[in-house]
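When a ligand or atom number is given, it counts from 1 through the structure's own listing order. All values below come from the heavy atoms of this structure, side chains included, with hydrogens, waters and symmetry mates left out. This one's a predicted model, so the numbers in the text were calculated from it and none came from an experiment.
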Amino acid sequence: MTDHAIISETLLCEIKDQIATVTINRPQVLNALSIQVFTDLEHVFTQLAKDPDVRVILLTGAGEKAFAAGADIKELVETTRITGQSLSRRGHRIFRQIETCGKPVLALINGFALGGGCELALACTLRIAADSAKLGQPEARLGLIPGYGGTQRLPRLIGQSAALKLLLTGERIDAAEALRLGLVDEVVPLAELYLRGQQLASSILAMAPLAVAGCLEAVYKGADRDLDSALGIESRIFGRLSATADKAEGIRAFLEKHTPIWTGK
Ligand code: DAK
């Protein structure tokens, strides 16, 4: 396994000990999501998805103020009906790519996660917030609705009524309220955010790689199915994993009281 980096214009991406850390690096504009950030996210996540040295991805923002304070508002001046719709579809495709990359993506929300920034966090597998974080969907104040999945992922995560409250009022909520709503999974002091991300990543790394991928596949593929067909998806993945070398290793390690050594096979 080798440590390395992936170079792009607006993102930093370092890979170390099977954990990739992706940092949106535009702190001067609170890591606003420009069209170039989307291009770079697409490139970096395409690489990470197929990189055998990467098993968990941490996604955060540079500096101490923002995860991402939304879409880059300066780029919204020129949008038309046609370009607005196509930019939205492009954003959907790239956030879906993040969501379905087959590896857990942990959003480390180190400050503002507003508008498109909150939508990006919603497309991640888990969300860990610093106690200083502020989240919200203020798009209606700009005459828009969320265009990167927020109207769909937010109600699925926290329920329709709580989602509509955020969408209709644009209110910014603090980390404690986000935790209460289930919008984030944990809140920690800002100074401990990265460490907590690494601890969670380490817990995931201790699991069998194909089983981690299987959990993601079962949950995401089953999410919008009726229960019977979703249970069918679970059985198929369970059957597939039952025949793997790592399943044999996991059972043997338990019975022989030692730590399993995963091969990813
Ligand atoms: N875009 C561009 N620049 C931004 C920005 C943003 N979203 N947020 C902050 N900045 C810039 C500021 O303009 C400022 O730049 P300078 O003036 O220094 O050049 C710099 O970052 C520092 O910001 P502030 O000086 O304002 O910092 P404060 O601490 O005073 O305030 C703040 C922090 C987060 C409360 C404030 O910056 C703020 O209200 N920012 C905007 C938050 C927001 O409304 N975000 C947009 C949400 S709407 C679409 C799909 C999706 C979307 C749009 C289109 N399509 C498919 C086309 C999504 C839209 C959204 O995300």
Side-chain angles (χ1 to χ4, degrees), residues 8-12 22-42 45 59-99 107-124 127 129-158 162-178 181 183-184 187 190 193:
S8 73
E9 196 178 316
T10 63
L11 305 177
L12 304 173
V22 179
T23 306
I24 306 164
N25 191 27
R26 303 184 76 214
Q28 68 286 2
V29 287
L30 305 187
N31 302 318
L33 304 174
S34 59
I35 291 170
Q36 185 64 43
V37 173
F38 278 89
T39 301
D40 293 343
L41 283 170
E42 183 173 31
F45 274 85
L59 177 61
T60 193
E64 298 204 334
K65 267 188 88 172
F67 176 74
D72 191 320
I73 295 175
K74 293 183 193 87
E75 292 180 347
L76 297 178
V77 179
E78 304 286 334
T79 48
T80 65
R81 186 184 187 124
I82 304 288
T83 60
Q85 185 170 344
S86 70
L87 281 172
S88 172
R89 292 308 286 162
R90 178 172 184 261
H92 288 161
R93 180 170 52 72
I94 295 167
F95 281 11
R96 192 77 176 128
Q97 181 190 352
I98 293 171
E99 191 167 46
L108 304 183
I109 305 173
N110 54 311
F112 292 111
L114 302 174
C118 191
E119 294 176 285
L120 175 58
L122 285 168
C124 294
R127 284 149 292 281
D131 50 7
S132 55
K134 296 266 188 299
L135 297 90
Q137 297 285 171
E139 285 86 346
R141 194 170 298 129
L142 300 173
L144 290 166
I145 64 170
Y148 298 135
T151 65
Q152 304 308 310
R153 289 193 180 91
L154 190 62
R156 282 168 170 76
L157 188 66
I158 67 172
L164 278 167
K165 188 174 160 198
L166 292 179
L167 295 169
L168 298 178
T169 64
E171 267 178 14
R172 261 182 237 151
I173 58 169
D174 63 18
E177 176 66 357
L181 291 173
L183 176 48
V184 300
V187 178
L190 176 62
L193 184 63

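Between the side chain of N31 and the backbone N or O of A66 there is at least one donor-acceptor pair closer than 3.5 Å. Checking side-chain atoms of T39 against main-chain N and O of I35 turns up a donor-acceptor pair under 3.5 Å. No donor-acceptor pair closer than 3.5 Å links the side chain of D40 to the backbone N or O of S8. Without hydrogens or angle criteria, E42 side chain to I94 main chain gives no donor-acceptor distance under 3.5 Å.
Scanning the protein for heavy atoms near atom 52 (C) of ligand 1, the closest one is A71 CB, 3.7 Å. Scanning the protein heavy atoms around atom 22 (C) of ligand 1, the nearest turns out to be L30 CG, 3.9 Å. The shortest contact between atom 54 (C) of ligand 1 and any protein heavy atom is with L76 CD2, 3.3 Å. Scanning the protein for heavy atoms near atom 5 (C) of ligand 1, the closest one is V29 O, 4.0 Å. Here the protein heavy atom with the shortest distance to atom 55 (N) of ligand 1 is Y148 OH, 3.8 Å. In terms of protein heavy atoms, atom 41 (C) of ligand 1 is closest to I73 CD1, 3.9 Å. Among all non-hydrogen protein atoms, the one lying nearest atom 3 (N) of ligand 1 is K74 NZ, 3.7 Å.
Contact between R90 and ligand 1 is absent, with no heavy atom of the residue lying under 4.0 Å from the ligand. Ligand 1 is never approached by P146 to a heavy-atom distance shorter than 4.0 Å. Distances from ligand 1 to the non-hydrogen atoms of P138 include at least one value under 4.0 Å. For Q28, the closest heavy-atom approach to ligand 1 falls below 4.0 Å.
The distance from ligand 1 to the heavy atoms of G147 drops below 4.0 Å at these ligand atoms: 50 (C), 51 (C). Which parts of ligand 1 touch G84 is read off a 4.0 Å heavy-atom cut-off, strictly below it: atoms 56 (C). With ligand atoms numbered from 1 in the order given, ligand 1 contributes 48 (S) to contacts under 4.0 Å with heavy atoms of L142. Atoms of ligand 1 found under 4.0 Å from any heavy atom of G115 (numbered from 1 in listed order, with element): 47 (C), 60 (C), 61 (O). Heavy-atom proximity to L114, at under 4.0 Å, picks out these atoms of ligand 1: 34 (C), 42 (C). Residue S88 approaches ligand 1 through these ligand atoms, each under 4.0 Å from one of its heavy atoms: 56 (C).
An N or O contact shorter than 3.5 Å is missing between G117 and ligand 1 by distance. Looking at L144 next to ligand 1, no N or O pair under 3.5 Å apart turns up.
You'll find the side chain of R93 stays beyond 4.5 Å of the side chain of R96, heavy atoms only. Between L167 and I145, the closest side-chain pair of non-hydrogen atoms is not below 4.5 Å. Contact annotation: the side chain of L183 approaches that of L122 to within less than 4.5 Å [non-hydrogen atoms, C-beta and beyond]. Residues K165 and L181 have side chains not in contact (no heavy-atom distance under 4.5 Å, counting atoms from C-beta outward). Inter-residue side-chain proximity for L190 and N110 is flagged as met; some heavy-atom pair is nearer than 4.5 Å. Looking at heavy atoms from C-beta onward, T151 lies out of side-chain contact with E139 at the 4.5 angstrom threshold. Residues L11 and N25 fail the side-chain proximity criterion, which asks for heavy atoms closer than 4.5 Å.
Per-atom contact check: atom 28 (P) of ligand 1 touches the protein, criterion being a heavy-atom distance below 4.0 Å. Within a 4.0 Å radius of atom 14 (C) of ligand 1, the protein has no heavy atom. Within the 4.0 Å cut-off (strictly below), a protein heavy atom is located near atom 35 (C) of ligand 1. Within a 4.0 Å radius of atom 31 (O) of ligand 1, the protein has no heavy atom. Under the 4.0 angstrom criterion, atom 48 (S) of ligand 1 counts as having a protein heavy-atom contact. For atom 24 (P) of ligand 1, the nearest protein heavy atom is 4.0 Å or more away. There is no protein heavy atom less than 4.0 angstrom from atom 38 (C) of ligand 1. The protein reaches atom 45 (N) of ligand 1 closely, with a heavy atom under 4.0 angstrom from it.
The aromatic rings of F95 and F38 sit parallel to each other, their planes meeting at less than 30°, with 60° as the upper class boundary.
Here the closest heavy-atom approach between residue A113 and residue C118 is recorded as O-CB, 3.4 Å. S34 and D72 get closest at one heavy-atom pair: CA-CB, 3.8 Å. Between A130 and A175, the shortest heavy-atom contact is O-CB, 3.4 Å.
For the side chain to side chain contact (heavy atoms under 4.5 Å, CB included) with F67, the qualifying choice from L30, L120, L114, L135 is L120, the only one to do so.
Residue-level proximity to ligand 1 for L33 is absent, since no heavy atom of it falls below 4.0 angstrom. Contacts with ligand 1 closer than 4.0 Å are made by side-chain heavy atoms of R172 only, the backbone lying farther away. Of all the heavy atoms of K65, the ones lying under 4.0 Å from any atom of ligand 1 belong exclusively to the side chain.
Of the candidates A66, A69, G70, the one placing a heavy atom closest to atom 7 (N) of ligand 1 is A69.
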